[in-house]
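Labels below follow one simple rule: chain letters A, B, ... track the order of the sequence lines, proteins then strands, and each chain is numbered from 1.
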Amino acid sequence: MLTSHKRIYAVVKRIPRGRVATYGQVAALAGFPRHARLAGYALHALREDRDPAVPWHRVINAQGRISLGEFDGADLQRELLEAEGVLFQSNGRVDLARFGWKKFKHG
DNA sequence: CGCATGACCTACG
DNA sequence: TCGTAGGCCATGC
């Protein structure tokens with residue numbers, strides 16, 4: 001497992017239950033600003049790293065959408081989020097202003 | 001090193 | 001809403 005991945009996972013583990021974070025936000029908090037793809041790649045590698053302690057389902061793109069295909073776990077990700085209280089809008093998106101992981105804001 | 005691809009982001013039309 | 005373009009980095013060939 002790469003060090004950069006470990007840092008990404010460490011940040012993802014800090015995402016509170018019932019909240020979601022974007023790839024760019026995770027990358028930035030991990031110390032890799034402007035490297036959203038790195039976060040995406042790290043989570044992709046998580047399939048093989050297999051660390052159940054990483055709440056990968058709480059990471060979505062900046063548009064509040066799931067960046068996974070149907071056969072890649074998108075359905076599972078949505079179920080896990082809904083199970084935590086994260087609501088999906090009729091357009092299939094998550095209101096980041098409401099469920100986004102705002103570290104510097106007391107929601 | 002070059003090239004293509006990917007669980008990305010922002011901007012523009 | 002969708003497509004295009006530029007910018008990032010890791011992985012595989």
Side-chain angles (χ1 to χ4, degrees):
Chain A
M1 190 188 301
L2 300 179
T3 303
S4 58
H5 287 188
K6 292 183 66 176
R7 290 195 65 89
I8 296 293
Y9 300 154
V11 173
V12 175
K13 289 179 182 178
R14 290 171 52 194
I15 302 175
R17 182 177 178 283
R19 295 286 174 78
V20 296
T22 67
Y23 294 94
Q25 184 174 16
V26 170
L29 291 175
F32 306 101
R34 309 304 180 190
H35 295 207
R37 297 196 73 160
L38 181 60
Y41 205 90
L43 294 182
H44 176 73
L46 185 61
R47 287 169 164 276
E48 297 182 355
D49 291 340
R50 303 192 178 178
D51 187 344
V54 180
W56 57 270
H57 57 279
R58 293 177 191 154
V59 184
I60 59 180
N61 61 31
Q63 299 179 346
R65 287 180 153 288
I66 294 176
S67 295
L68 287 168
E70 295 181 34
F71 301 95
D72 294 319
D75 197 31
L76 173 62
Q77 180 168 13
R78 175 166 178 158
E79 289 181 11
L80 290 173
L81 288 177
E82 291 181 331
E84 295 185 350
V86 178
L87 303 178
F88 280 76
Q89 298 172 149
S90 58
N91 55 15
R93 281 181 289 184
V94 175
D95 186 356
L96 292 178
R98 192 166 125 99
F99 299 105
W101 183 26
K102 319 178 197 58
K103 183 180 180 182
F104 303 103
K105 186 175 183 180
H106 49 82

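Near DNA chain C, meaning a heavy atom under 4.0 Å away, the residues from residues 35-50 of chain A are H35(A), R37(A), L38(A), Y41(A). In the region residues 53-66 of chain A, proximity to DNA chain B at under 4.0 angstrom, judged on heavy atoms, holds for W56(A), N61(A), A62(A).
With hydrogens and angles ignored, the 3.5 Å screen pairs a side-chain donor or acceptor of Q77(A) with a backbone N or O of V59(A). No donor-acceptor distance shorter than 3.5 angstrom exists from the side chain of R78(A) to the backbone of G92(A), with no hydrogens or angles considered. Side-chain atoms of Y9(A) come within 3.5 Å of backbone atoms of A42(A) as a donor-acceptor pair (strictly under, hydrogens ignored). Within the 3.5 Å criterion, the main-chain N or O of W101(A) finds no donor-acceptor partner in the side chain of R19(A).
Across the C1' atoms, dC8(C) and dG6(B) are found 13 Å apart, a figure rounded to whole Å. Rounded to whole Å, the separation between the C1' atoms of dC1(B) and dG12(C) comes to 14 Å.
Side chains of R58(A) and L81(A) form a contact here, defined as non-hydrogen atoms less than 4.5 Å apart. Looking at L96(A) and I60(A), their side chains come closer than 4.5 Å, going by heavy atoms from C-beta outward.
Put simply, NZ on K13(A) and CG on D51(A) are 4.5 Å apart, with the number rounded to the nearest 0.5 Å. In this structure, CD in E82(A) is found 11.5 Å from NE2 in H57(A), a value given to the nearest 0.5 Å. Between atom NE2 of residue H44(A) and atom CH2 of residue W56(A) there is a gap of 13.0 Å, rounded to the nearest 0.5 Å.
Taking a heavy-atom distance under 4.0 Å as the criterion, the stretch of DNA chain C touched by chain A extends 5' to 3' from dT1(C) to dT11(C).
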Criterion side chain to side chain contact (heavy atoms under 4.5 Å, CB included) on Y41(A) and I8(A), from CA distance to verdict: CA-CA 10 Å; Y41(A) 205 90; I8(A) 296 293; over 6 Å; no
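The OH atom of Y23(A) sits 11 Å away from the C1' atom of dG6(B) (whole-angstrom rounding).
Using modelled atom types and a 3.5 Å distance limit, the side chains of N91(A) and Q89(A) yield a donor-acceptor pair.
R93(A) comes within 4.0 angstrom of sugar-phosphate atoms only, judged by non-hydrogen atoms across all strands, and of no base.
For the pair R34(A) and S67(A), both in contact range of DNA chain B, the more 5′-proximal nearest nucleotide belongs to S67(A).
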